[in-house]
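Computed from a predicted model, the values in this text were never measured in an experiment. The analysis underlying the following values was restricted to heavy atoms, covering all of them including side chains, and did not include hydrogens, waters or symmetry mates.
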There are 2 protein chains.
Amino acid sequence: MASTARRPSRVAKLPPRERILDAAEELFQSEGIRRVGVQAIAERAETTKMAIYRHFETKDALVTEWLRIVAADYQAAFDRVEAEYPGRPREQILGLARFIAEGLPAISHRGCPFINSIAELPDRSHPARQVIEKHKAHQTRRLVGMCTEAGLPDPEQVAAEITFALEGAQVSTQNGSIDQAGARLMRIIEGIIDRHRSPLDASRATTD
Amino acid sequence: MASTARRPSRVAKLPPRERILDAAEELFQSEGIRRVGVQAIAERAETTKMAIYRHFETKDALVTEWLRIVAADYQAAFDRVEAEYPGRPREQILGLARFIAEGLPAISHRGCPFINSIAELPDRSHPARQVIEKHKAHQTRRLVGMCTEAGLPDPEQVAAEITFALEGAQVSTQNGSIDQAGARLMRIIEGIIDRHRSPLDASRATTD
DNA sequence: TCCGCACGATACCGATGGGTATCGTTAGGC
DNA sequence: GCCTAACGATACCCATCGGTATCGTGCGGA
């Protein structure tokens with residue numbers, strides 16, 4: 001529950017549960033869910049398998065909790081961007097895109113945790129899948145809200161376009177050139193917004 | 001090795017190698033690579049594990065061969081669309097997008113084989129990963145070529161935008177509404193092309 | 001001081017999975 | 001009509017992995 005600071009630094013000895021979640025985050029992100037055994041997580045967390053099973057019922061529960069935290073981080077980005085640009089939905093959307101774009105190098109060769117996890121969890125009834133679906137629905141709702149507030153016609157279409165672009169960027173970055181991906185993504189988002197904003201006045205510049 | 005005239009005794013089933021590849025395709029696509037054991041593939045192919053290892057050195061080799069086939073299918077779509085609309089790159093791109101859009105329902109709850117496989121194969125030196133990377137590079141090259149031929153300024157940017165949209169659509173469809181995804185994707189692609197086609201002349205119709 | 005309890009370490013269990021060895025059988029080519 | 005080779009089936013080897021049981025240990029609170 002304690003969604004405290006998610007810092008990859010496990011230098012200082014945090015309580016076991018935090019260390020376990022940190023280790024799981026690093027390993028799941030870099031290696032994938034199924035490739036990482038509980039034993040490996042325990043070693044990285046400088047604890048033992050037993051300690052993990054004292055805090056989490058099963059490995060699946062640990063996976064689910066990890067994705068819950070990642071989802072909370074994303075939603076925090078939404079909150080931050082809304083607080084930073086109150087009443088300016090266009091800047092909010094661009095801020096969100098920037099958040100993703102700036103995160104691209106970090107995940108470069110290993111993509112979005114949600115996308116990867118879905119690939120590894122084909123069972124839709126898996127609790128982790130439900131976390132992902134709920135998060136995606138939440139994200140879509142907020143994005144549509146921003147587009148509506150921006151006065152864009154057909155906000156659902158715009159939100160869908162933005163979502164496609166954001167997720168496509170994260171996927172494509174896994175095996176392409178990372179250097180330009182962020183800049184390209186920003187231009188795409190700007191283009192989407194401006195195209196919908198003024199369909200009869202497309203002469204406005206799309207470059208930043 | 002090259003004797004394709006094997007005569008099955010009882011049923012008119014395909015030669016073992018074909019059956020194995022068919023079974024692998026179905027299972028890998030629906031369940032994922034790591035979740036599917038060689039034994040399961042053998043049962044689905046109505047053969048045995050040994051037969052599989054007679055035709056493929058390892059499971060990884062089978063995975064690689066499967067992805068090679070999928071890549072060939074995609075490239076066939078490129079060929080088809082180029083043959084169908086010779087000298088009309090805009091229609092070629094839209095035809096390609098339609099190919100993806102129409103394929104969305106089929107992969108609905110289980111996404112693109114490449115994206116999923118990358119998630120399951122974090123090792124970039126894996127031969128299957130190299131197949132994927134080569135395919136993506138090839139696809140990008142052809143897409144950039146189409147954009148160049150269409151006289152679009154900054155064809156790399158357009159190709160990147162299209163790629164993001166196509167892959168994003170396939171990812172987002174996994175856990176969202178499939179019904180509108182195809183139509184939304186087509187509108188996105190049209191919007192991308194037309195926005196770049198004539199930034200100073202946006203009065204032309206965007207619908208086909 | 002002593003009790004409780006979370007923690008650490010190790011050994012273990014059952015299941016699964018990749019890969020191999022070996023058997024008999026069958027089909028096709030000369 | 002034989003000889004080679006691919007095929008089918010079974011049993012097996014070994015590693016890994018999720019999960020459990022059982023030890024011991026240190027530490028804080030009443």
Check your understanding: Taking NZ, NE, NH1 and NH2 as the nitrogens, is one of them in B/D22 or B/R44 under 4.0 Å from a carboxylate oxygen of the other?
Key ->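 The answer is no: the pair does not qualify as a salt bridge.
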Check your understanding: Do A/D194 and A/R187 meet the salt-bridge criterion of a basic N to acidic O distance under 4.0 Å?
Key ->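 The answer is no: the pair does not qualify as a salt bridge.
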For [X] and [N], what is the distance between atoms [atom1] and [atom2] respectively, to the nearest whole Å?
| X | N | atom1 | atom2 | result |
| --- | --- | --- | --- | --- |
| B/I41 | D/dG8 | CD1 | C1' | 18 Å |
| A/L27 | D/dC17 | CG | P | 12 Å |
| B/E46 | D/dC7 | CD | C1' | 14 Å |
| A/I20 | C/dG8 | CD1 | C1' | 12 Å |
| B/L62 | C/dG17 | CG | P | 15 Å |
| B/F56 | C/dG17 | CZ | C1' | 19 Å |
| B/R35 | C/dA15 | CZ | C1' | 15 Å |
| B/Q39 | C/dT20 | CD | P | 15 Å |

Point to revise | Short side-chain N/O contact from A/T47 to OP1 or OP2 of C/dG8, under 4.0 Å | key: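 So the side-chain polar atoms of A/T47 do come within 4.0 Å of the phosphate oxygens OP1 or OP2 of C/dG8, strictly under.
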**Study point:** Under 4.0 angstrom between B/H55 side-chain N/O and D/dA6 OP1 or OP2
**Key:**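 For B/H55, the contact criterion (side-chain N or O under 4.0 Å from OP1 or OP2 of D/dA6) is not met.
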Point to revise | Under the salt bridge (charged side-chain N to carboxylate O under 4.0 Å, His left out) test, residues paired with A/R35 that sit two or more places apart | key: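 Expected list: none.
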Point to revise | No-H, no-angle donor-acceptor pair, A/R54 side chain to C/dG8 base, under 3.5 Å | key: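 When only heavy-atom distances are counted, A/R54 does reach the base of C/dG8 through a donor-acceptor pair under 3.5 Å.
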Point to revise | Donor/acceptor link under 3.5 angstrom from A/K59 side chain onto base of D/dG19 | key: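 Answer no: no donor N or O sits under 3.5 Å from an acceptor.
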**Study point:** Pairwise 5' ranking along DNA chain D for A/K49 and B/M50, keeping only the more 5' one
**Key:**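 Looking at DNA chain D, the more 5' nearest nucleotide goes with B/M50.
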Point to revise | Parallel, tilted or perpendicular: ring planes of A/F28 versus A/W66, cut at 30 and 60 degrees | key: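 Rings of A/F28 and A/W66: tilted, as their planes differ by 30° to 60°.
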Point to revise | Among D/dT20, C/dC7, C/dT20, the nucleotide that comes nearest once only the side chain of A/Y53 is considered | key: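 The answer is D/dT20, which lies nearest to the side chain.
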Practice item. Start with the C-alpha gap between B/E133 and B/R124, add the side-chain angles, then the distance that decides, and say whether salt bridge (charged side-chain N to carboxylate O under 4.0 Å, His left out) holds. Key: CA-CA 9 Å; B/E133 282 187 33; B/R124 297 194 72 164; 3.2 Å; yes
